[in-house]
Amino acid sequence: MNPLAIVPVPAAAPAAQVGNPWINIGIFGLFVAVTLVVVLRASRNNKTAADYLAGGRAFTGGQNGTAIAGDYLSAASFLGIVGAIAIYGYDGFLYSIGFLVAWLVALLLVAELLRNTGKFTMADVLSFRLKQKPVRIAASITTLAVCLFYLLAQMAGAGGLVSLLLGISDKAGQSIVIVVVGALMIFYVLMGGMKGTTWVQIIKACLLIAGAFVMTIWALAMHGFDFNALLGAAVEKAGSEKILDPGQQYGKSITTKIDFLSLGLALVLGTAGLPHVLMRFYTVPTAKEARKSVVWAIWLIGAFYLFTLVLGYAAGALIGVDAIKAAPGGQNSAAPLLAYHLGGSVLLGIIAAVAFATILAVVAGLAITAAASFSHDIYGSVMKKGKATSEQEVKVARRTVVVIGIVAIVGGIGAQGQNVAFLVALAFAVAASANLPTILYSLFWKRFTTRGALWSMYGGLGSALLLIIFSPVMSGSATSMIQGVDFAIFPLANPGIISIPLAFFLGWLGSVTDKTTEDPIKAAEMEVRSLTGIGAEAPVDH
Amino acid sequence: MSSSPTPAPEDFLRVQKEPRFRKLRSDYRRFAFPMTALFLAWYLLYVIVAAFFPQVMAVRVYGHINVGIVWGLLQFVSTFVITALYVRFANRTLDPEASAIRHELEADAERHAAQQAGAHIKDQEEAK
């Protein structure tokens, strides 16, 4: 199973409360207050679509790179990876490597060319030289699908987190927290647009990385700054050398090994197809700044994952596997428990608040991406045929944010106690299957046609969804979403190993069997623009 | 707004065929494509060994530190190194080539715009 999701907490879990919930709430309240001021200040200049949906394209590479780190390092990354390393040892570390290496795809192949050819959404690039209407609709559907799965996982995760951090373990209490997180997110995005969202993500990234850094130094200091000694302590506590070797989680059978390979493929190819990551590249003035953004993001995200390696084994050494598993929140409690062990209630409060801030910042980024896709692609380009004014697009985007917020709240409450692991894995698999092949083909392959794009996007999305529905994630195992029935005819939990090659194949097949040729002038314009930056969207002067 | 004038469609077709633009494209692709193949192969090899040959990863290098941890950290190192190499290459080679073509296209577009505006004024004057 994917350990990177907030494992649902049994409602009857005896809440062995650590720390003081009021300190946790107080520090989180402080974060909300500070970010509210920032968001309100950012909301002053939010008239045009370029302001509201792309932050005026005026962020620097460094700012945007930090925001990307804030967008990307979700609570699942932080709590999930630390917990996975603490319990499964080495297998947890494999995730962080996939999540980091994936950024090279964005750096080398996607970020700059996308910035040079698009305006607000992924569909801008995909539909550049193909038929606008069908390609935009398809790209918008895959964008909304990825955002929705990601959003539901984060919202359901928020519910799971509270049981541990605030001592609320009943379903009604968790639902209230989901409503509060959703309402805050709606307010932030409604008022602040992309500017407000970006600042929330920047603040959160700084807090998260600084918090992880302090804990890492602290944990290393307790072992004489000797990583080898820390590993030794973890081995001693676990009573087994095995936690240092791969295979604890995925080594059980040939199926789980192939499953892991499938997950690894989705992780490394999914990132550059995540719409909320792609949209961040439009918030900087030039392609060169987009490049700088990715470089900043790679350094920050890489450093953070190195911290989680230390923190995971430190949690194993100082708390122990059994204590972590017994705590409310299970494996996701490793990082908070470690914080409590190191710095008592105050450090726990800070880390707890950071975890909430993380969820808030990530859902805000997802909401604005989904809203941009609906208002710019569906409303502006398809319904109004490109004749919508900038103000109209902003108005529709704002309304979409409210709708998406409500869907996320309702879905988050509904997904409580469900196996939300599949939502995160599915978001990456869908992004890698439905989005990435079409992005790469349309940037690099001259003969790519509208039919190829549609086959690849719908084929990638459809096959990933079908394989998940018929996988053990949905039915037939003890942790499935639907209990009591078994229609799991596909043995893997991760569809990527089938759906990603299939989507690449369909994109090729659809194009070579297509007799129609696409507009050579548009193709020339796209190629020249993507590499030189001529005619790229300029930043807004205020 | 500081938007630059948009070049005419025939300018894009012309530039696309120019040797200078072809050089920019092949410089970019000759760096980006093999590098992508390289890091993907290096990553997949690591994942496959970790999944199917865990005994290789379990070999101890120093104390409790094994091949798996060293190789995992090397994935971080290779990511950082490729990032730095690409940035250096892009700054030194791609950016000057791209901006030379861009500036020329912008100048062309401005000249077109000026000619059109000039023709327009002439029309108006003749109309008087």
Side-chain angles (χ1 to χ4, degrees), chain A residues 90-91 93-94 96-98 100-101 103-105 107-109 112 227-229 231-232 234-235 241-242 244-247 250-251 256-258 260-261 264-265 268 287-288 291-292 294-295 298-299 302 305-306 309 444 520-521 523-525 527-529 531-535 537-541, chain B residues 1-4 6-7 9-13 15-16 21 24-25 28-29 31-33 35-36 39-40 42-44 46-52 54-55 57-58 62-66 68-69 72-73 75-76 78-80 82-84 86-87 90-91 94-95 97-99 101-102 105-106 109:
Chain A
Y90 191 82
D91 280 11
F93 184 42
L94 292 162
S96 23
I97 292 169
L100 177 68
V101 172
W103 278 96
L104 288 176
V105 182
L107 176 72
L108 294 175
L109 300 177
E112 295 171 47
F227 185 54
N228 190 33
L231 291 179
V235 166
E241 286 265 326
K242 284 212 167 78
L244 303 179
D245 307 330
Y250 285 102
T256 58
K257 289 176 181 185
I258 295 174
F260 177 71
L261 186 61
L265 211 57
V268 79
K288 198 177 161 102
R291 180 192 310 150
K292 273 189 201 159
V294 188
V295 174
I298 285 175
W299 284 109
Y305 285 143
L306 288 176
L309 176 66
F444 298 111
I521 295 175
E525 181 178 347
E527 192 170 69
V528 174
R529 276 180 59 163
L531 285 171
T532 63
I534 179 88
E537 293 290 320
V540 179
D541 288 333
Chain B
M1 292 288 282
S2 58
S3 67
S4 58
T6 318
E10 57 271 20
D11 286 342
F12 285 121
L13 278 171
V15 169
Q16 194 190 29
F21 180 76
L24 169 65
R25 188 178 65 182
Y28 166 66
R29 291 189 174 192
F31 186 94
F33 289 1
M35 205 55 113
T36 303
F39 83 74
L40 279 181
W42 169 237
Y43 168 76
L44 287 176
Y46 164 80
V47 171
I48 287 167
V49 172
F52 295 94
Q55 64 278 15
M57 296 300 204
Y62 164 76
H64 294 286
I65 294 170
N66 58 18
I69 288 183
L73 293 176
Q75 291 283 337
F76 280 70
S78 60
T79 302
F80 294 145
I82 291 173
T83 303
Y86 173 69
V87 168
N91 286 343
L94 298 181
D95 285 353
E97 288 179 22
S99 59
I101 298 172
R102 185 172 66 241
L105 264 171
E106 278 169 355

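In what follows, chains are A, B, ... by sequence order, proteins preceding strands, each numbered from 1. Note that this is a predicted model, so its numbers are computed, not measured.
Contact of Val105(A) with chain B is made through backbone and side chain together, with heavy-atom distances under 4.5 Å. Interface residue Ala90(B): backbone and side-chain heavy atoms are both found under 4.5 Å from chain A. In this structure, the portion of Lys288(A) lying under 4.5 Å from any heavy atom of chain B is its side chain and not its backbone. Heavy atoms of Leu40(B) lying under 4.5 Å from chain A belong exclusively to its side chain. Both the backbone and the side chain of Asn91(B) have a heavy atom closer than 4.5 Å to some heavy atom of chain A. For chain A, the nearby parts of Tyr62(B) are the backbone and the side chain; heavy atoms of each come within less than 4.5 Å. There is no contact between Trp103(A) and chain B, counting heavy-atom distances below 4.5 Å. With a 4.5 Å cut-off on non-hydrogen atoms, Val235(A) touches chain B through its side chain but not through its backbone. Looking at Glu241(A), the atoms closer than 4.5 Å to chain B (heavy atoms on both sides) sit in the backbone and in the side chain alike.
Chosen from Ala523(A), Pro246(A), Gly533(A), the residue pairing most often with chain B at heavy-atom distances under 4.5 Å is Pro246(A). Counting heavy-atom pairs closer than 4.5 Å to chain B, the top-ranked of the candidates Val294(A), Thr256(A), Leu94(A) is Leu94(A). Of the listed residues (Leu309(A), Ile258(A), Val295(A), Val268(A)), the greatest number of heavy-atom pairs within a distance under 4.5 Å of chain B belongs to Val268(A). Between chain A and the residues Arg29(B), Glu97(B), Gln75(B), the most heavy-atom pairs under 4.5 angstrom are made by Arg29(B). With respect to chain A, the highest number of heavy-atom pairs below 4.5 Å among Ser78(B), Ala32(B), Ala58(B) belongs to Ala58(B). Heavy-atom pairs under 4.5 Å with chain A were tallied for Leu44(B), Ile69(B), Val15(B); the largest tally goes to Ile69(B). The candidate from Leu73(B), Ile65(B), Val49(B), Thr79(B) with the greatest count of non-hydrogen atom pairs under 4.5 Å with chain A is Thr79(B). The candidate with the highest count of non-hydrogen atom pairs below 4.5 Å against chain B, out of Gly247(A), Gly264(A), Ala287(A), is Gly264(A).
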Exercise for the section: Just do the side-chain contact (heavy atoms from CB on, under 4.5 Å) check on Thr36(B) and Leu104(A) with the steps written out, would you? Expected result: CA-CA 8 Å; Thr36(B) 303; Leu104(A) 288 176; over 6 Å; no
Exercise for the section: Walk me through it: do Val528(A) and Leu105(B) pass the test side-chain contact (heavy atoms from CB on, under 4.5 Å)? Expected result: CA-CA 10 Å; Val528(A) 174; Leu105(B) 264 171; 3.8 Å; yes
Handout entry: Evaluation steps, side-chain contact (heavy atoms from CB on, under 4.5 Å), between Tyr43(B) and Leu100(A)
Key = CA-CA 11 Å; Tyr43(B) 168 76; Leu100(A) 177 68; over 6 Å; no
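Here the side chains of Val47(B) and Phe260(A) are in contact, with some heavy-atom distance below 4.5 Å. Considering only heavy atoms from C-beta on, Asp245(A) stays 4.5 Å or farther from Met57(B) through its side chain. Residues Leu108(A) and Phe33(B) form no side-chain contact, since every pair of their non-hydrogen atoms from C-beta on lies 4.5 Å or further apart. When side chains are defined from C-beta on, Ile48(B) counts as touching Leu261(A), because their heavy atoms get closer than 4.5 Å. Under the 4.5 Å side-chain criterion, counting only non-hydrogen atoms from C-beta, Thr532(A) is in contact with Phe21(B).
A distance of 11.0 Å separates CD of Gln16(B) from CD1 of Ile521(A), quoted to the nearest 0.5 Å.
Under the 3.5 Å distance criterion, the side-chain polar atoms of Tyr28(B) are left unmatched by any main-chain donor or acceptor of Leu531(A).
In this pair, Phe76(B) and Phe80(B) present their aromatic rings perpendicular. The plane angle is above 60°, beyond the 30 to 60° band.
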